[in-house]
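Keep in mind that the numbers below use all heavy atoms, side chains included, and drop hydrogens, waters and symmetry copies.
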Amino acid sequence: MMPRAVVIAGASGFIGSYFRQRFVAEGWQVRTVGRDASADAQWNDDGAITKALDGAELLVNLAGRSVNCRYNERHRREIMDSRVLTTRTLGRAVAACNEPPRTWIISSTGTIYRHAEDLPQSESSGELGSGFSVDVARAWEDELAAAAVPDTRKVPLRIAIALGSGGVMSPLRNLARLGLGGHMGPGTQKFSWIHVEDLFRTVLFVHEHTELAGPVNAATPYPVDNRELMSLVRQSLGVPFGIPTPAWLLEAGAILIRTQTELVLKSRWVEPRKLLDAGFAFEHPTLVGALNELARGPSLSHIITPSADPSRTSPGGSHESGTMD
């Protein structure tokens, strides 16, 4: 019996590496599309991509240049093109398959919703925001919708900040260790998140639950605000206090380290209504449990192969650094 096959596009970052390991652990055959010579197919070879996709039952697209940078003109173009053009390429390849994947999931982003401190943003009631990050997310989802692949179900997964070893938690932990782990800006902005294992389980759940269509929010139902986030980070490290960081100082620091304050100041309140209604159960629903687990170091329970080397054009340790959440 042939193993089930999954194709992961952009598999060399944190999420992609984790997914590879977990799919292999679950008995799947994993094929990859990327820029590296080690990938089964490169982005400039439509024929090789079609060959990789033919007979696979699931396509997961994680490709995209890191958003953890200053949004100058060149970076904006690279961020947009790395999502839209790769999706267009995958659409051509899927259309050319004799046996196309049943499901095509892209790692869209919960940052597509507006800054929300008043109401949770579900798939049906959420209001889309404005600005460059939202423009990219909308263009990405529009490109997926435009793909003419009638035998493939297309699902944009609007992912909150994915937590695992490294990524967004590393700088937050470093700040806390230095005594600078107080709240950032007003501290009232919501922090929607998902543990990377629950993100993997969400992908499998969406694939198996064919009634799920359109955008699906991937976030724990228990977000926290920034004040509680930083308090829990300090507690997980045993750090008793942290000096708050005002927004103006964050802006100055962001310029120095070449990133955007949006990554910590935007209030993301993403509600996983479709997942909950379909019966999905989170293994890591609360942030205190997730942070305590991560503070103990990476779990070895699911990992069976070495992580791939990180790539600038694939998601990093948090979903923020790869796919605009």
Side-chain angles (χ1 to χ4, degrees), residues 13-15 17-19 21-22 68 107 109-111 117 120 159-202 217-245 250 259 261-272 275-276 280-303 307 310 315-323 325:
F14 165 71
I15 295 174
S17 298
Y18 189 90
F19 277 19
Q21 294 157 3
R22 290 295 287 115
N68 191 14
S107 55
T109 169
T111 211
E117 296 186 30
I159 305 174
I161 295 173
L163 299 186
S165 301
V168 73
M169 299 316 301
S170 294
L172 296 184
R173 287 199 193 97
N174 290 339
L175 287 171
R177 291 189 183 100
L178 293 170
L180 301 173
H183 64 82
M184 300 173 175
T188 54
Q189 64 272 30
K190 291 286 187 180
F191 178 79
S192 277
W193 61 278
I194 186 170
H195 191 287
V196 68
E197 174 63 15
D198 277 331
L199 181 57
F200 172 75
R201 293 175 61 246
T202 294
N217 289 346
T220 174
Y222 303 108
V224 297
D225 62 23
N226 180 266
R227 191 178 295 268
E228 184 177 358
L229 164 67
M230 297 310 298
S231 174
L232 291 173
V233 169
R234 295 195 306 272
Q235 289 176 36
S236 72
L237 296 172
V239 176
F241 68 91
I243 299 172
T245 312
L250 281 171
T259 189
T261 56
E262 177 190 47
L263 300 181
V264 292
L265 292 181
K266 180 172 181 177
S267 184
R268 299 166 177 81
W269 193 350
V270 182
E271 181 184 22
L275 286 179
L276 294 175
F280 183 80
F282 289 83
E283 282 189 1
H284 303 278
T286 65
L287 187 59
V288 62
L291 290 183
N292 286 340
E293 185 217 27
L294 294 173
R296 291 193 295 268
S299 169
L300 299 180
S301 60
H302 304 305
I303 304 305
S307 294
S318 79
H319 194 68
E320 271 297 2
S321 59
T323 50
D325 198 313

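Annotation: side chain of P221 is in contact with side chain of L276 (closest heavy-atom distance under 4.5 Å). Between L287 and L163 there is a side-chain heavy-atom pair separated by less than 4.5 Å. Proximity of R268 to W193: side-chain heavy atoms (C-beta onward) are nowhere separated by under 4.5 Å.
Remark: side-chain polar atoms of Q189 are paired, donor with acceptor, to backbone N or O of M184 under 3.5 angstrom. Distance alone, capped at 3.5 Å, places no donor-acceptor pair between the R22 side chain and the E197 backbone. A donor-acceptor pair is defined here as one N or O able to donate and one able to accept, closer than 3.5 Å; no such pair exists between the side chain of K190 and the backbone of P223. For R177 (side chain) and V239 (main-chain N/O), no donor-acceptor pair under 3.5 Å exists by modelled atom type. The backbone N or O of F282 lies less than 3.5 Å from no partner atom in the side chain of D198, so there is not a single donor-acceptor pair.
Contact detail for H183 and R227: the closest heavy-atom pair is CD2-NH1, 3.2 Å. Scanning all heavy atoms of the two residues, the minimum distance from E117 to T188 falls at OE1-OG1, 3.0 Å. Heavy atoms only, all atoms of each residue included: V196 and G164 are closest at CG1-CA, 4.3 Å. When all heavy atoms are compared, the tightest approach of L291 to L232 is CD1-CB, 3.7 Å. When all heavy atoms of G182 and R234 are compared, the closest pair comes out as CA-NH1, 3.7 Å. Pairing each heavy atom of T202 with each of A218, the nearest pair is CG2-CB, 4.3 Å.
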What verdict does the side-chain contact (heavy atoms from CB on, under 4.5 Å) test give for R201 and F280, after you've listed the backbone C-alpha separation in whole Å, the side-chain angles of each residue and the deciding distance to 0.1 Å?
CA-CA 9 Å; R201 293 175 61 246; F280 183 80; 3.5 Å; yes

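Relative orientation of the Y18 and F14 rings is tilted, given thresholds of 30° and 60° on the angle between their planes.
Counted by atom type alone, Q235 and S231 present one or more donor-acceptor pairs between their side chains at under 3.5 Å.
With I194 as the partner, the side chain to side chain contact (heavy atoms under 4.5 Å, CB included) test is satisfied by one option alone out of L199, I161, N217, V270: L199.
Residues satisfying the side chain to side chain donor-acceptor pair (under 3.5 Å) test with T286, not counting sequence neighbours, are none.
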